[in-house]
Amino acid sequence: MPELAEVEIAARNLRAWALGRRIERAEAEPSAAYVFRPGTPKRFTAQITGHRVESVRRIGKQLLWTLRGDDGPLGLLAHLGMTGKWLRREKGQPAPEYGKARLHLDDGHVLHFRDPRLFGRLRLVPGARFEEVDELKELGPDPLEAGIDPARLGAALARRRAPVKVAIMDQGILPGVGNILASESCFRAGIDPRRPAATLGGVEVARLAQSVLEAVHDAITRQEGPEIAYVEEGGENPFLVYAREGERCPRCKRADLRRLVQAQRSTFYCPRCQK
DNA sequence: ACCCGTGTTCGCTG
DNA sequence: TCAGCGAACACGGG
């Protein structure tokens, strides 16, 4: 369930699990070719096997692995898409359902990339030259790593006529912000998600910047644990407004939360608190 | 059967 | 060139 917070947890897990480990064998499901584009499952297997995991970095929703082999570094760019997840299993345990790729480590564990819906991506980056990858060039500064500069955010929003909730999901503006965080951030900031981005004043932009960081920190705090545990089946919805259409607003406790569709995605908001 | 979904990309339009 | 829009991608779950 990957937005910034989930990917950050994934990065922390992967560092704890894999840093310094040698990948004795990499495997990929031939049937999951879609995940490895551009590239093939075969190439994935052949190139990664034998490398050591040197670092795992996160920018927005992207995971940047740097692997070290005999003939220099190799990058692995991983995106979880809608349903991607990294899991760790002991050697010999059955692979998780929908496992698309596996990294057998030299400590008796196997890292599985599980992705039922196949919107995830695993992409090799020769020489780990991530600076040459187009999707990464287009990303803005990571909110968690660099903070959010209200002046920069204001300037970016000023150019947009799109609704503010849609604009803040632009990965060139706030990488890592997805559909949930966007709704949550607008709610926390008391800003109507339908407002054209360019109509926000300086005070509102500053409040929005702060709200995004708070929503991210809250989400990370909730999820820390051995694995990504997140709105697991039967778990309680941890969000303030997301997926709470019809429920009473947790702030004003008077209006009922509403749902609307923006840019083909659901938005949740309080019609009374968000101006 | 139908609708929904935590994401990105591509093609088209103004 | 850029902003905006809708479709497409693939598939499980309610």
Side-chain angles (χ1 to χ4, degrees), chain A residues 1-11 29-38 58-63 77-86 96-100 113-123 133-140 143 155-187 193-199 212 215-216 218-220 222-223 227-246 259-268:
Chain A
M1 312 182 148
E3 293 186 26
L4 196 157
E6 295 73 41
V7 184
E8 173 63 16
I9 296 298
E29 290 302 320
S31 61
Y34 190 83
V35 170
F36 303 92
R37 282 186 205 165
R58 180 197 57 76
I59 305 176
K61 302 171 194 170
Q62 305 272 1
L63 286 169
L77 183 62
H79 195 295
L80 303 177
M82 293 275 267
T83 54
K85 196 183 259 195
W86 286 96
E97 229 186 337
Y98 311 114
K100 306 301 180 191
F113 183 69
R114 176 187 192 270
D115 186 19
R117 205 170 146 185
L118 290 175
F119 279 168
R121 284 294 168 90
L122 296 176
R123 170 173 177 180
V133 178
D134 285 345
E135 299 96 287
L136 295 178
K137 284 185 214 164
E138 291 159 12
L139 295 181
L157 296 182
R159 267 182 268 118
R160 307 293 294 268
R161 245 182 318 166
V164 57
K165 185 264 187 173
V166 175
I168 60 175
M169 289 172 62
D170 184 328
Q171 302 298 291
I173 300 180
L174 292 173
V177 172
N179 198 41
I180 295 179
L181 283 175
S183 275
E184 295 289 295
S185 301
C186 288
F187 174 73
R194 296 166 295 188
R195 293 259 305 275
T199 67
V212 171
V216 168
D218 267 24
I220 290 176
R222 272 196 310 269
Q223 292 165 61
E227 278 186 359
I228 303 175
Y230 196 79
V231 201
E232 294 294 359
E233 319 70 67
E236 211 149 292
N237 175 353
F239 303 111
L240 299 176
V241 294
Y242 184 80
R244 292 192 184 280
E245 180 183 17
R259 168 183 182 271
L260 61 89
V261 175
Q262 299 180 293
Q264 305 171 303
R265 317 294 303 277
S266 288
T267 301
F268 300 87

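Quick note on labels: first sequence line is chain A, next is B, and so on, each numbered from 1. Values reported hereafter were calculated over all heavy atoms of this structure, with side chains retained and with hydrogens, waters and symmetry mates removed.
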*Hey, does A/Gln264 reach any base, or is it just sugar-phosphate, or nothing, if we go heavy atoms under 4.0 Å?*
base
Any side-chain N or O of [X] below 4.0 angstrom from OP1/OP2 of [N]?
X	N	result
A/Tyr242	B/dT6	yes
A/His79	B/dT8	yes
A/Ser266	B/dG5	yes
A/Arg160	C/dG4	yes
A/Lys61	B/dT8	yes

*Side chain A/Glu6, main chain A/Ile220, donor-acceptor under 3.5 Å*: no
_Tell me whether A/Glu245 contacts the main-chain N or O of A/Phe268 through its side chain, where contact means a donor paired with an acceptor under 3.5 Å._
no
Among [options], the one nearest [X] by side-chain distance:
X	options	answer
A/Gln171	C/dA3, B/dG7, B/dT8	B/dT8
A/Arg259	C/dC9, B/dG5, B/dG7	B/dG5
A/Arg117	C/dG6, B/dG7, B/dG5	B/dG5
A/Arg161	B/dT8, B/dT6, C/dG4	C/dG4

*Under 4.5 Å between any side-chain heavy atoms of A/Leu139 and A/Gln62, yes or no?*
yes
*Does A/Arg123 come within less than 4.0 Å of A/Glu135, counting only side-chain N to carboxylate O?*
yes
*Stems involving DNA chain C: give each as a range paired with a range, ordered by first number, where a stem means at least three consecutive Watson-Crick or G-U wobble pairs under 3.5 Å.*
B:2-5 with C:11-14, B:7-14 with C:2-9
*Nearest-Å distance for atom pair CZ/P, residues A/Arg244 and B/dC4*: 20 Å
_Whether the side chain of A/Arg265 and the base of B/dG5 hold a donor-acceptor pair under 3.5 Å is what I'd like checked._
no
